[in-house]
Protein chains: 2
Amino acid sequence: MRARKIDRRPVAQPPVAQRILDVAEQLVQTRGFNGFSYADVAETLLVTKASLHYHFPAKADLGRALIERYHLVFGQALAAIDRQVPDARGKLRRYIGLYDSVLRNNRMCLCGMLAAEYATLPIQMQKELLRFFDANEVWLATVLEDGRRAGDLSFRGPAKQRARSILGALEGAMLVARAYGNGRRFLSAAKQVLADVCIEHAAERELMASAAF
Amino acid sequence: MRARKIDRRPVAQPPVAQRILDVAEQLVQTRGFNGFSYADVAETLLVTKASLHYHFPAKADLGRALIERYHLVFGQALAAIDRQVPDARGKLRRYIGLYDSVLRNNRMCLCGMLAAEYATLPIQMQKELLRFFDANEVWLATVLEDGRRAGDLSFRGPAKQRARSILGALEGAMLVARAYGNGRRFLSAAKQVLADVCIEHAAERELMASAAF
DNA sequence: GTCTATAGGTGGATAGAC
DNA sequence: GTCTATCCACCTATAGAC
């Protein structure tokens, strides 16, 4: 039996490409895609710019990888919510929690940030960006529709439309709240978004209460 | 009596500084403050970069002037609404119309765009930016509070809080809609924002209707 | 006020050694 | 895979002539 090789890795570390993405992601979420450079990433990771270009030849490649990973992780988070939370209101609360946790790190949603810079992005990034928003809307619309059918939620009009306005409202609330450096601003707005898909339900209760007495 | 000098100006034109601001504004609203350069403005106006620096020595000066003018014009528009429209719902509709007209030119709200780039902006621009949002919130909160008192609007909680969530919702709806290049997305979301401050009113009507029959 | 010319820096990206 | 060295385009900004 052959002796095993000694594992020289000091500690388990994520592969280089991942660490690059981690740093770049933070930079894009705070400064924007046009607001950071390879030099910024290199300085943080104590490597040279040339080394970064080995992993991501062009900035567009890095940007595309950022969106794809973000989309993937976000999708996994949504799947986890679906597994763990049964009711629609609870799911929406958790969904809001995802945004809130991003904002707590003084970051903007990666894709909200990129949406602002949309006109300056490589076409590939533009496409991936819309795919992210599409996926969010599909998930939200499903939750909304199911919640309404179950009587857990109440709102007018198509669920798809509601999903879009909720997505926009959360992105916008985040955008402004981060400028003020005030996370409570976001949570306050998010709670109202949530209340707005329950409000008629409350009105129905009032109706029933007034009918009872 | 002395002969008058011939007016050599071909047509009445806005002063140079204004034309610079016009071009820069359009560029910032579409590409962001970090996404345009003096060279872009110079090329459009057929002047040299050096000439621009005469009017706005540093880019920060240009940026600050942009926000101040935007704030001023926006304030005048709000004052016009107050003069022309008596009811709160009508005022909100006109307010939404302001955003819509910006989006129709494939632009993002100047200050929404700058909010995304907030972390990279000169301090002076950051301050002016928050002043703009503050003014919007004050106006909105007044409209909301007056509308509620007059029975024209109906919503829960402090008007200030509603004002903030409406501002965020409109900025966010704009942000996403512009990426999709679809103005209807914005209008759809905006209508829901409007409906959400009338919805309980509708519920009250239902209540009264059910009480009557 | 606008120009030419240029400084001084940073951007993304590549070649080739190790 | 990471490095050194370098390229070239572009950036903000200034000096000084007209």
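All values derive from a computational prediction rather than experimental measurement. Letters go in sequence order (proteins before strands), and every chain restarts at 1.
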Each nucleotide N or O in nucleotides 11-14 of chain D that has a protein N or O under 3.5 Å away: list the pair and distance.
{"from": "D/dC11", "atom 1": "OP1", "to": "B/S37", "atom 2": "OG", "distance (Å)": "3.0"}
{"from": "D/dT12", "atom 1": "OP1", "to": "B/K59", "atom 2": "NZ", "distance (Å)": "3.0"}
{"from": "D/dT12", "atom 1": "OP2", "to": "B/Y38", "atom 2": "N", "distance (Å)": "3.2"}
{"from": "D/dA13", "atom 1": "OP2", "to": "B/K59", "atom 2": "N", "distance (Å)": "2.7"}
{"from": "D/dA13", "atom 1": "N7", "to": "B/H53", "atom 2": "NE2", "distance (Å)": "3.2"}

Any side-chain to backbone donor/acceptor pair from B/E117 onto B/N34? Under 3.5 Å, distance only.
yes
Has B/T48 got a side-chain N or O lying under 4.0 Å from the OP1 or OP2 atom of C/dC3?
-> yes
Between A/D146 and A/R149, is the closest basic N to carboxylate O distance under 4.0 Å?
yes
Is any NZ, NE, NH1 or NH2 atom of the basic residue among A/D196 and B/R162 found under 4.0 Å from an Asp or Glu carboxylate oxygen of the other? yes
In this structure, how many angstroms lie between the [atom2] atom of [N] and the [atom1] atom of [X], rounded?
X	N	atom1	atom2	value
A/H55	C/dG12	NE2	P	17 Å
B/R19	C/dG1	CZ	P	13 Å
A/D61	C/dA13	CG	C1'	12 Å
B/L52	C/dC3	CG	C1'	12 Å
B/Y54	D/dG16	OH	C1'	15 Å
B/L46	C/dG1	CG	C1'	16 Å

So CD of B/E128 and CZ of B/R69: to nearest 0.5 Å the spacing works out to 14.5 Å
Hits for side-chain contact (heavy atoms from CB on, under 4.5 Å) against B/R104, two or more places apart or cross-chain, chain-then-number order -> B/D100, B/L187
Output side-chain donor-acceptor pairs under 3.5 Å for residues 54-64 of chain A, partner residues at least two apart or in another chain, one line each.
{"from": "A/K59", "atom 1": "NZ", "to": "A/F33", "atom 2": "O", "distance (Å)": "2.7"}
{"from": "A/K59", "atom 1": "NZ", "to": "A/F36", "atom 2": "O", "distance (Å)": "2.9"}
{"from": "A/D61", "atom 1": "OD2", "to": "A/A58", "atom 2": "N", "distance (Å)": "2.9"}
{"from": "A/R64", "atom 1": "NE", "to": "A/Q124", "atom 2": "OE1", "distance (Å)": "3.2"}

